[in-house]
K.L.:
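Please find one structure pasted underneath; my questions will follow.
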Amino acid sequence: MFKKAVEARSHQRLSGADRKKLKRSLKNKFPRASESDIDSLLPAKVEIAVAKFQNRVHVYGVEGGFPIFFDIDGRGTDIFPTVYALWKVPDLLPSFMLKGGEVSRYIIGGADLMFPGISIPAEGLPSFIAGEAWAVKVPGNPAPIAVGTTTMSSTEAVKAGLRGKALKIMHYYHDLLWESVECPYVPNAGFFEDVVFEDPTLSSLQVSDSYSGANDSSNDQQNGISDKENGQSVDIADVLSEPSSASVAQTNSGNEIAEEIAEHVDDLKVTDDGSADQSIGEDQHPLSTEDVDTLLEKCLLQALHTTVKDKDLPMPGSTLWSNHVLPCRPSGITLDIKKSSYKKLSKWLQAKSSTGLITVKEDKYKKESILLSVNRKHPDYSSFKPEKRQVEKTDQTGVPTVSESRSLKMLEVVEVYKPSVHVNPILASVGADTGKLYSASEATDIVFTYVEKENLVKQTDKSIVVLDPILCDALFKGAIKKGTMYPTEIHKRDLGAAFVNRMQAHHVVTRGSESVVRKGGLKTIQIMTERRQGNKKVTKLSGLETFLVDPEALASELQKKFACSTTVAELPGKKGHEVVVQGGVIDDLAKHMIEQYGIPKRFIEVLDKTRR
């Protein structure tokens with residue numbers, strides 16, 4: 001982000017009121033940070049300075065010290081910590097761990113972070129949403145090297161096969177914002193005058209001009225290519241922990257900067273953690289073809305034992321590879337099918353199918369191998385003992401904390417299902433509670449448990465379930481017209497959805513510690529703008545109670561945000577209240593409810609009567 005020179009419009013010290021406002025914004029933006037963490041970054045008895053630039057970027061720093069935070073729009077909504085702030089409080093943001101040091105050189109060269117460059121834990125990708133601030137770390141070092149925003153949610157990332165851009169880097173170690181830390185604030189002398197900011201309208205071509213090869217480095221990072229410079233591998237895995245006294249001279253060539261950083265790696269080491277050295281050693285000794293084949297076999301068996309369930313079959317080969325096989329590889333090891341003797345995923349799956357371990361069919365339309373079934377009585381499957389990855393699990397103990405801290409403010413809506421008289425016999429047969437609420441996956445597990453118990457899988461086609469009288473009534477009784485024959489079998493991929501559709505839909509709405517169960521579909525929040533006497537516009541907001549939003553508190557908040565009068569009134573003839581805001585703020589109000597209260601966009605209905 002910090003690439004094009006923009007002159008600072010003004011420099012000033014924060015007043016007491018602005019200082020308190022900044023702290024409130026930081027607490028809302030970074031729920032992981034404690035009161036002591038914020039105080040350590042913004043000490044009480046130290047003056048805080050802000051540099052305001054013409055492109056509306058604000059940079060906050062301790063007077064006579066370092067830049068601590070930067071706000072890209074100057075409104076306090078998109079505020080980020082600098083790398084120096086993350087060194088002081090490493091857990092201020094959740095972080096992605098890089099696969100190794102060879103990836104870090106692209107990050108500190110200005111490239112965005114791609115999903116293939118991230119070390120994915122065995123239990124899967126941590127949960128995150130699009131536009132969320134995350135830091136970047138290298139193995140064996142707790143100090144982050146960059147900060148950015150996620151380009152998509154974790155759910156979208158898994159659907160995309162963990163491909164593409166994961167993090168848009170906003171600031172990184174030794175960019176031009178970092179270089180400004182060696183220029184302490186002097187009143188009226190220009191703090192951060194060396195800071196340059198990227199124009200938001202820059203194209204990708206212009207960005208690549210500021211750092212030659214940035215786009216190529218992104219592709220290299222995605223493909224796992226390790227470049228070499230002067231005959232030696234450039235590895236910056238151990239970079240960072242304390243600011244070095246040796247400064248790196250600012251230059252127009254990004255390659256020269258990367259070379260100078262690489263020369264100062266030894267001066268910047270602050271940890272003797274053996275994990276980084278181990279990762280480096282593994283990168284220096286690539287696996288042979290036989291080793292890759294053996295590792296593929298081990299990862300496949302590990303996945304078949306731990307994550308691949310019969311109810312998920314049939315499964316595309318690409319899904320098996322990205323979501324099941326790759327997460328089972330040992331930590332620090334890169335698994336590439338092209339380096340095996342099979343060269344292609346389809347050939348490898350066909351080879352395993354010929355041994356009888358799995359059954360695979362080629363999809364002629366998608367030109368992809370489909371996993372149909374797993375022979376769990378195969379000697380290779382029976383003799384294999386799956387590993388318990390305790391070490392990787394302990395490394396991810398902080399991940400649930402991110403979700404928990406975020407849930408204190410944001411909304412969580414979960415769709416659950418209550419058993420009906422149609423499905424109760426199935427639940428009673430497997431010993432499940434008929435009075436409990438179940439998620440869709442839990443309900444699907446129940447019906448597949450019944451299928452396994454009654455041995456209803458068709459022997460000639462493992463993807464088909466034969467319907468016995470109990471299961472047939474549960475799925476179709478009352479739904480089939482009179483005179484129509486009841487089906488005798490159903491495909492596995494349709495069984496779960498058909499079973500869930502026979503249950504009663506409910507929604508669990510949770511905000512912080514408050515939770516409520518609502519029957520049926522959720523009513524939307526309605527935002528409507530209309531004209532009143534004198535051609536004045538008012539915006540009405542109703543349906544807040546459904547999502548546990550206090551109308552009185554929201555009205556007070558909107559009064560300050562939009563600098564207008566607000567009122568709360570009961571809905572005539574209905575339960576609930578509506579908030580009336582003076583002025584036509586329908587678009588801004590909808591955006592506010594999405595960003596500040598986490599209301600999903602699909603639950604907001606907007607109607608502007610003034611545009612007719």
Side-chain angles (χ1 to χ4, degrees), residues 300 303-317 319-320 323-324 349-350 352-366 368-382 416-434 436 438-505:
L300 176 62
L304 296 180
H305 272 276
T306 56
T307 60
V308 178
K309 308 297 181 183
D310 289 337
K311 64 182 179 65
D312 299 327
L313 303 179
M315 177 187 298
T319 302
L320 173 67
N323 293 359
H324 300 278
L349 293 177
Q350 291 292 346
K352 293 303 163 188
S353 179
S354 63
T355 63
L357 176 62
I358 58 177
T359 303
V360 176
K361 182 180 72 173
E362 190 75 17
D363 191 327
K364 296 181 181 179
Y365 298 98
K366 296 183 179 179
E368 182 180 14
S369 296
I370 306 296
L371 176 63
L372 297 179
S373 63
V374 179
N375 183 6
R376 303 194 185 274
K377 296 181 181 180
H378 193 276
D380 292 345
Y381 183 90
S382 302
V416 293
Y417 300 87
K418 183 179 180 181
S420 63
V421 293
H422 302 292
V423 302
N424 280 342
I426 300 294
L427 274 72
S429 178
V430 298
D433 187 359
T434 57
K436 179 184 175 183
Y438 296 93
S439 65
S441 60
E442 291 172 340
T444 303
D445 289 339
I446 290 175
V447 70
F448 273 98
T449 302
Y450 177 81
V451 170
E452 293 177 4
K453 178 184 176 184
E454 301 296 330
N455 195 20
L456 299 180
V457 177
K458 193 174 183 179
Q459 296 302 318
T460 57
D461 189 349
K462 299 293 186 182
S463 63
I464 301 297
V465 174
V466 179
L467 298 178
D468 65 359
I470 297 178
L471 183 57
C472 185
D473 287 345
L475 298 180
F476 300 108
K477 186 177 181 179
I480 300 293
K481 294 182 179 180
K482 291 183 179 181
T484 305
M485 293 292 294
Y486 278 79
T488 58
E489 56 187 33
I490 187 173
H491 200 283
K492 279 186 176 180
R493 65 169 175 261
D494 302 325
L495 178 59
F499 186 76
V500 169
N501 287 337
R502 299 286 281 178
M503 304 175 73
Q504 298 174 357

K.L.:
Could you go through the side-chain contact (heavy atoms from CB on, under 4.5 Å) check for Val457 and Val451 one step at a time?
P.N.:
CA-CA 7 Å; Val457 177; Val451 170; 3.8 Å; yes

K.L.:
Are the side chains of Arg502 and Lys477 in touch, meaning some heavy atoms are under 4.5 Å apart?
P.N.:
yes

K.L.:
Starting at CG of Leu304, measure out to NZ of Lys309 and round the result to the nearest 0.5 Å.
P.N.:
10.5 Å

K.L.:
Once side chain to side chain donor-acceptor pair (under 3.5 Å) is applied, do any residues pair with Gln504, and if so which ones, sequence neighbours excluded?
P.N.:
none

K.L.:
Quick one, Leu427 and Ile446 - any side-chain contact, counting heavy atoms below 4.5 Å?
P.N.:
yes

K.L.:
Under the criterion side-chain contact (heavy atoms from CB on, under 4.5 Å), I'd like the reasoning laid out for Thr488 against Leu467: C-alpha separation, chi angles, the key distance, then a yes or no.
P.N.:
CA-CA 5 Å; Thr488 58; Leu467 298 178; 5.8 Å; no

K.L.:
Is the backbone of Thr355 close enough, under 3.5 Å, to the side chain of His378 for a donor and an acceptor to pair up by distance?
P.N.:
yes

K.L.:
Can you name the closest pair of heavy atoms from Tyr486 and Cys472 and give their distance?
P.N.:
CD2-SG, 3.6 Å

K.L.:
Report yes if the side chains of Leu371 and Leu349 come closer than 4.5 Å at any heavy-atom pair, otherwise no.
P.N.:
no

K.L.:
If the condition is side chain to side chain donor-acceptor pair (under 3.5 Å), which residues does Glu454 pass it with, not counting sequence neighbours?
P.N.:
none

K.L.:
One pair to check against side chain to side chain donor-acceptor pair (under 3.5 Å): Tyr450 and Asp445. What are the steps and the verdict?
P.N.:
CA-CA 9 Å; Tyr450 177 81; Asp445 289 339; over 6 Å; no

K.L.:
Would you check, one step at a time, whether the test side-chain contact (heavy atoms from CB on, under 4.5 Å) holds for Phe499 with Val423?
P.N.:
CA-CA 8 Å; Phe499 186 76; Val423 302; 3.7 Å; yes

K.L.:
Evaluate salt bridge (Lys or Arg N to Asp or Glu O under 4.0 Å) for Asp310 paired with Arg376, printing each intermediate quantity in order.
P.N.:
CA-CA 10 Å; Asp310 289 337; Arg376 303 194 185 274; 3.2 Å; yes

K.L.:
What pair of heavy atoms forms the shortest contact from Ile370 to Pro316, and how long is it?
P.N.:
CD1-CA, 3.8 Å

K.L.:
Between His305 and Tyr381, is there a side-chain heavy-atom distance shorter than 4.5 Å?
P.N.:
yes

K.L.:
Quick one: does Ser369's side chain get under 4.5 Å of Lys361's, heavy atoms only?
P.N.:
no

K.L.:
Which heavy atom in Lys418 sits nearest to a heavy atom in Met503, and how many Å separate them?
P.N.:
O-CB, 3.5 Å

K.L.:
Do Val416 and Tyr438 have side chains that get closer than 4.5 Å, going by heavy atoms?
P.N.:
no

K.L.:
Can you give me the closest heavy-atom contact between Val360 and Ile358, atom names plus distance?
P.N.:
CG2-CD1, 3.6 Å

K.L.:
Is a donor from one side chain sitting under 3.5 angstrom from an acceptor on the other, for Asn501 and Tyr417?
P.N.:
no

K.L.:
What's the separation between atom CG in Asn455 and atom CG in Asp468, rounded to the nearest 0.5 Å?
P.N.:
11.0 Å

K.L.:
Would you say the side chain of Ile470 lies within less than 4.5 Å of the side chain of Ile426, judging by non-hydrogen atoms?
P.N.:
yes

K.L.:
Are any of the side-chain heavy atoms of Glu452 and Thr449 separated by less than 4.5 Å?
P.N.:
no

K.L.:
Please list, chain by chain and in numerical order, all residues satisfying ring pair (Phe, Tyr, Trp, His ring centres under 6.0 Å) with His491, sequence neighbours excluded.
P.N.:
none

K.L.:
For Thr434, which residues count as a side chain to side chain donor-acceptor pair (under 3.5 Å) partner, sequence neighbours excluded?
P.N.:
none

K.L.:
Mind checking side chain to side chain contact (heavy atoms under 4.5 Å, CB included) for His324 and listing every partner two or more places apart, or none if nothing turns up?
P.N.:
Ala303, Thr307, Val308, Met315, Leu320

K.L.:
Going through the distances and angles, do Asn375 and Leu357 end up as a side-chain contact (heavy atoms from CB on, under 4.5 Å)?
P.N.:
CA-CA 5 Å; Asn375 183 6; Leu357 176 62; 5.5 Å; no

K.L.:
Look only at the side chain of Lys462 and the backbone of Pro314, and say whether a donor-acceptor pair between them is shorter than 3.5 Å.
P.N.:
no

K.L.:
List in chain and number order the residues that pass side chain to side chain donor-acceptor pair (under 3.5 Å) with Asp461, two or more places apart in sequence or in another chain; answer none if no residue qualifies.
P.N.:
Ser463

K.L.:
Starting at CZ of Arg493, measure out to CG of Leu495 and round the result to the nearest 0.5 Å.
P.N.:
12.0 Å

K.L.:
Using 0.5 Å steps for rounding, measure from the CG atom of Asp312 to the OG1 atom of Thr319.
P.N.:
10.0 Å

K.L.:
Output yes when a side-chain donor or acceptor of Ser382 lies under 3.5 Å from a complementary backbone atom of Pro379, and no otherwise.
P.N.:
no

K.L.:
Closest approach of Lys436 and Pro419, non-hydrogen atoms and distance?
P.N.:
O-CD, 3.0 Å

